[in-house]
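The structure is given below, and queries will be raised subsequently.
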Number of protein chains: 2
Amino acid sequence: MTRFALTIEFDGGPFCGLQRQQHSPSVQQAIEEAAHTVTGEAVTLHSAGRTDSGVHALAMRSHMDIAKDIAPFRLMEALNANLRPDPIAIIGCEEKPDDWHARFSCIGRSYEYRIRNRRAPLTIEKGRAWHIARDLDSDAMHEAAQLLVGSHDFTTFRSAHCQSASPVRTLDRLDVSREGDAVIIRAAARSFLHHQVRSMVGTLALVGQGQWRTHQVAEALEAKDRAALGLNAPPEGLYFVAAHYPDED
Amino acid sequence: MTRFALTIEFDGGPFCGLQRQQHSPSVQQAIEEAAHTVTGEAVTLHSAGRTDSGVHALAMRSHMDIAKDIAPFRLMEALNANLRPDPIAIIGCEEKPDDWHARFSCIGRSYEYRIRNRRAPLTIEKGRAWHIARDLDSDAMHEAAQLLVGSHDFTTFRSAHCQSASPVRTLDRLDVSREGDAVIIRAAARSFLHHQVRSMVGTLALVGQGQWRTHQVAEALEAKDRAALGLNAPPEGLYFVAAHYPDED
């Protein structure tokens with residue numbers, strides 16, 4: 001068996017998410033089926049993160065074990081050929097040692113959240129960004145975001161369905177910047193709770209619109225109560241952008 | 001009557017182009033119908049450029065004359081409300097003097113052409129860029145592009161259906177740059193012939209792939225013959241990005 005690490009880009013729109021689910025099309029199922037077609041083997045895909053329905057990935061990292069003798073480049077090409085017309089692309093493929101694990105070896109994850117802040121509806125970026133018509137104060141959002149950076153109990157900012165044993169996470173970075181009428185939020189941590197990025201972004205958007213004051217973000221965090229959450233941002237603005245590994249840094 | 005200048009963003013995918021055609025949905029028809037709903041008037045839209053089916057616009061400039069007493073911001077909002085769910089957005093609207101003409105007053109047009117240069121198919125950018133799998137030498141493309149800058153008879157680089165009286169145009173800028181696996185071509189001129197940008201990009205792509213040498217681009221230009229064209233690039237990578245006017249510069 002050879003362990004192959006994959007770098008995967010996908011448009012989350014048509015899928016129930018990355019992870020396999022019983023009755024809905026998932027990115028995992030599409031890739032596993034393509035791998036089965038290529039190798040004849042029952043292949044399981046393991047990934048650095050789980051993404052919800054509608055969430056995109058520019059560079060998800062995953063791995064799978066394959067018995068068939070095949071070069072990484074050939075495997076990548078064959079998977080891509082069999083993934084059509086699904087909007088999933090294998091953009092990188094390399095051999096890794098057997099103890100390299102896309103999820104458990106991962107020491108850092110980065111997400112980007114894209115907001116388009118303008119009156120007019122979205123056209124070219126429909127399904128690719130969160131459209132907010134009211135003016136956002138991105139400086140106020142960035143200031144409030146800094147209250148969330150560091151080690152905290154993020155119970156307020158995680159889904160009721162989050163399966164993680166601990167609600168404590170260490171947020172390394174939560175930067176908000178404006179580029180024209182785009183407001184971009186960049187988040188980095190060793191790992192995130194389910195819905196954590198979207199919950200943080202939704203709450204920051206309330207601050208940006210002046211509906212919440214900065215101190216209310218601190219109070220929501222303190223409350224350790226999902227009911228204290230401001231707002232969960234929609235999935236279409238969220239992109240998984242990078243996973244980091246000790247052997248690659 | 002008040003003359004309103006519009007700035008328009010659209011996804012060209014679902015349309016036969018900007019300009020009205022008899023039996024296909026056009027951007028012009030959609031906006032004129034929305035304007036009719038808002039004002040009750042038979043409104044004609046005049047635009048800085050004509051774009052083909054599949055070509056996008058980030059900031060097309062157009063104008064229309066309206067008798068109804070309405071503020072620019074209200075008109076913009078009402079048009080956008082009536083354009084849903086078409087991927088067309090009015091992102092700017094202002095009053096102009098009666099002699100301001102979106103097409104005839106325009107002294108410069110800018111286009112951007114986006115290529116994604118990688119093995120894997122496109123996902124998030126499907127329909128938003130030209131996918132070229134073979135390695136492109138963007139430096140060679142830029143060098144060849146400079147042969148096209150200046151005043152030339154662009155017969156080779158215009159559609160057989162081009163209605164312009166003269167095939168001579170002055171190309172002010174044709175820059176090719178690489179940003180990761182994206183290759184971006186930026187073109188600026190007072191005006192362009194029909195298919196000129198796509199014809200130039202298609203030919204440069206042959207140079208980038210090593211199928212054409214630089215001097216062949218000069219020979220194709222010299223030939224003044226459409227049959228000498230290398231390749232017409234597909235529409236989905238092309239974006240109309242700006243129109244320039246003397247009163248705004």
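Just the heavy atoms: all of them, side chains too, but no hydrogens, waters or symmetry mates, feed the values below. Every chain is numbered from 1, with letters handed out A, B, ... down the list of sequences.
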**Report entry** Structural part of B:Ile91 lying under 4.5 Å from a heavy atom of chain A
**Finding:** both
Report summary line: For residues 34-63 of chain B against chain A, heavy atoms under 4.5 Å, the residues are B:His56, B:Ala57, B:Leu58
Report task. To the nearest 0.5 angstrom, please state how far the CG atom of B:Leu18 sits from the CD1 atom of B:Ile88. Result -> 9.0 Å
**Report entry** Under-4.0 Å salt bridge between B:Glu248 and B:Lys96
**Finding:** yes
**Report entry** Interface residue of largest heavy-atom contact number with chain B, from A:Glu125, A:Arg84, A:Arg128, under 4.5 Å
**Finding:** A:Arg128
Report task. Decide, yes or no, whether a salt bridge links B:Glu236 with B:Arg198 under the criterion of side-chain N to carboxylate O below 4.0 Å. Result -> no
Query raised in the report: Between A:Arg3 and A:Asp98, is there a side-chain N and carboxylate O pair less than 4.0 Å apart?
Result: no
Report summary line: One option among B:Lys126, B:Met76, B:Arg119 has the most heavy-atom pairs under 4.5 Å with chain A, and it is B:Arg119
Query raised in the report: Where does the angle between the aromatic ring planes of A:Tyr245 and A:Trp100 fall among parallel (under 30°), tilted (30 to 60°) and perpendicular (over 60°)?
Result: tilted
Query - Flag, side chain of A:Gln209 to backbone of A:Ala205, donor-acceptor distance under 3.5 Å - result: yes
**Report entry** Main-chain N/O of B:Leu136 paired with B:Asn117 side-chain donor or acceptor, under 3.5 Å
**Finding:** yes
Requested in this report: Name the region of B:Ile124, side chain, backbone, both or neither, that has any atom closer than 4.5 Å to a heavy atom of chain A.
Outcome: both
Query raised in the report: Counting only heavy atoms not in A:Asp247, do more than 12 fall under 6.0 Å of its CG?
Result: yes
